[in-house]
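The structure appears below as structure tokens.
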Amino acid sequence: MDTRGFVRSRHEGAVIGMSALVLEPTDMEWVDKGVLSITWSDGHKARYPVRYLRQHCPCAACTDEWTGELRLKPDDVPMLIMLQDIQPVGRYAFQITWSDGHDTGIYSYAFLRRLCQCDLCQPVKPVEPRSRRLL
């Protein structure tokens, strides 16, 4: 790190701003029923209701690849959705297996950080429509 707070890359002496550093998860725990917490390398403790994560799955079947528009409607996700497994994908993402059988979403760390629902990141919570589908 130089005196301006920049990190020198090993590749051709490039200088990279601190904001360009990749955030990585350092810890993961359940904080409430159905709420996953991920602590990031910058110390931020993010909160993710699992149904919200499922509703925002980034796979091509759930999210339009060109527009980013969600194809998956909130009511399509059961109220009682469970995160069954979470596996790292390299050092940049997680692949999540859901109780509804869906498992093709690759949640990059940058994407997960944007989805954080803690009070700091999301002071006004979106009103979640009630699903008619329980399971």
Side-chain angles (χ1 to χ4, degrees):
M1 186 177 306
D2 72 10
T3 58
R4 297 169 299 165
F6 289 93
V7 176
R8 289 214 175 267
S9 169
R10 291 184 191 148
H11 303 290
E12 302 172 16
V15 176
I16 302 170
M18 290 297 282
S19 62
L21 293 178
V22 176
L23 292 174
E24 293 183 330
T26 59
D27 193 24
M28 193 179 300
E29 64 182 336
W30 293 107
V31 290
D32 284 321
K33 195 172 199 171
V35 179
L36 179 67
S37 175
I38 297 176
T39 302
W40 295 95
S41 54
D42 67 352
H44 183 71
K45 195 169 185 109
R47 295 175 60 93
Y48 304 97
V50 293
R51 187 164 186 262
Y52 183 83
L53 282 179
R54 176 63 183 94
Q55 289 170 330
H56 291 84
C57 176
C59 82
C62 297
T63 302
D64 185 282
E65 293 179 81
W66 298 104
T67 67
E69 182 181 338
L70 291 175
R71 292 179 175 168
L72 181 67
K73 303 299 178 221
D75 284 350
D76 293 341
V77 177
M79 289 300 292
L80 301 175
I81 190 81
M82 292 184 295
L83 188 156
Q84 290 186 318
D85 191 30
I86 186 166
Q87 292 294 320
V89 177
R91 291 188 64 190
Y92 72 94
F94 289 120
Q95 182 172 12
I96 299 175
T97 301
W98 298 100
S99 59
D100 64 358
H102 190 69
D103 65 357
T104 56
I106 304 292
Y107 293 75
S108 72
Y109 296 160
F111 179 69
L112 277 171
R113 189 59 186 264
R114 288 192 308 270
L115 286 183
C116 177
Q117 295 296 296
C118 79
D119 291 337
L120 182 63
C121 295
Q122 191 70 253
V124 178
K125 305 289 190 261
V127 176
E128 186 175 318
R130 302 296 273 169
S131 175
R132 294 184 185 153
R133 194 172 159 209
L134 189 57
L135 299 174

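The model shown is predicted, which means the values in this text are computed figures rather than measured ones.
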Legend entry - Ser99 side chain vs Gln84 backbone, donor-acceptor pair below 3.5 Å: no
Inset, instruction - With side-chain contact (heavy atoms from CB on, under 4.5 Å) as the test, would you mind laying out the steps for Gln55 and Ile81 before giving the verdict? - result: CA-CA 10 Å; Gln55 289 170 330; Ile81 190 81; over 6 Å; no
Legend entry - Sidechain-backbone polar pair: Thr26 side chain, Thr39 backbone, donor-acceptor under 3.5 Å: yes
Inset, instruction - Apply side-chain hydrogen bond (donor to acceptor under 3.5 Å, both in side chains) to Asp27 and list each qualifying residue two or more places apart in sequence or on a separate chain. - result: none
Inset, instruction - Could I get the full list of salt bridge (charged side-chain N to carboxylate O under 4.0 Å, His left out) partners for Asp32, not counting sequence neighbours? - result: Arg47
Inset, instruction - List the atom of Ile106, the atom of Ala93, and the distance in Å for their closest heavy-atom pair. - result: CG2-CB, 3.5 Å
Legend entry - Pairwise side-chain contact, Leu36 with Trp30, heavy-atom cut-off 4.5 Å (strictly under): yes
Inset, instruction - Please report the closest heavy-atom contact between Tyr107 and Leu53, naming both atoms and the distance. - result: OH-O, 2.9 Å
Inset, instruction - Give, for atom CD1 of Ile38 and atom CG of Leu23, the distance between the pair rounded to the nearest 0.5 Å. - result: 11.5 Å
Legend entry - Donor-acceptor under 3.5 Å (Gln95 side chain, Asp103 main chain): yes
Legend entry - Greater than 12 external heavy atoms within 6.0 Å of Met82's CE: no
Legend entry - Closest heavy-atom pair and its distance - Cys116, His44: SG-NE2, 3.4 Å
Inset, instruction - Decide whether Ile86 and Leu112 are clustered together by the hydrophobic rule: side chain heavy atoms of Ile, Leu, Val, Met, Phe, Trp, Tyr closer than 4.5 Å, transitively. - result: yes
Legend entry - Partners meeting salt bridge (charged side-chain N to carboxylate O under 4.0 Å, His left out) with Asp42 (sequence neighbours left out): Arg113
Legend entry - salt bridge (charged side-chain N to carboxylate O under 4.0 Å, His left out) involving Arg71 - partner list, sequence neighbours excluded: Asp64
Legend entry - Considering all heavy atoms, the nearest Pro78-Arg51 contact: O-NE, 3.1 Å
Legend entry - Heavy-atom closest contact (Phe111 atom, His56 atom, distance): CZ-O, 3.2 Å
Legend entry - Inter-residue atom distance Lys73.NZ - Cys62.SG, 0.5 Å rounding: 11.0 Å
Legend entry - Asp100 versus His102, closest heavy-atom pair with distance: OD1-N, 3.1 Å
Legend entry - Beyond-backbone contact of Arg54 with Ile96, side-chain heavy atoms, under 4.5 angstrom: no
Legend entry - Joint cluster assignment, Leu70 & Leu115, ILVMFWY side-chain distance < 4.5 Å: no
Inset, instruction - Using the test side-chain hydrogen bond (donor to acceptor under 3.5 Å, both in side chains), find all partners of Glu29 that sit at least two apart in sequence or belong to another chain. - result: Lys45
Inset, instruction - Give a yes or no on whether Tyr48 and Leu72 share a hydrophobic cluster (residues Ile, Leu, Val, Met, Phe, Trp, Tyr; joining criterion: side-chain heavy atoms under 4.5 Å apart). - result: yes
Inset, instruction - Mind checking ring pair (Phe, Tyr, Trp, His ring centres under 6.0 Å) for Phe94 and listing every partner two or more places apart, or none if nothing turns up? - result: Tyr109
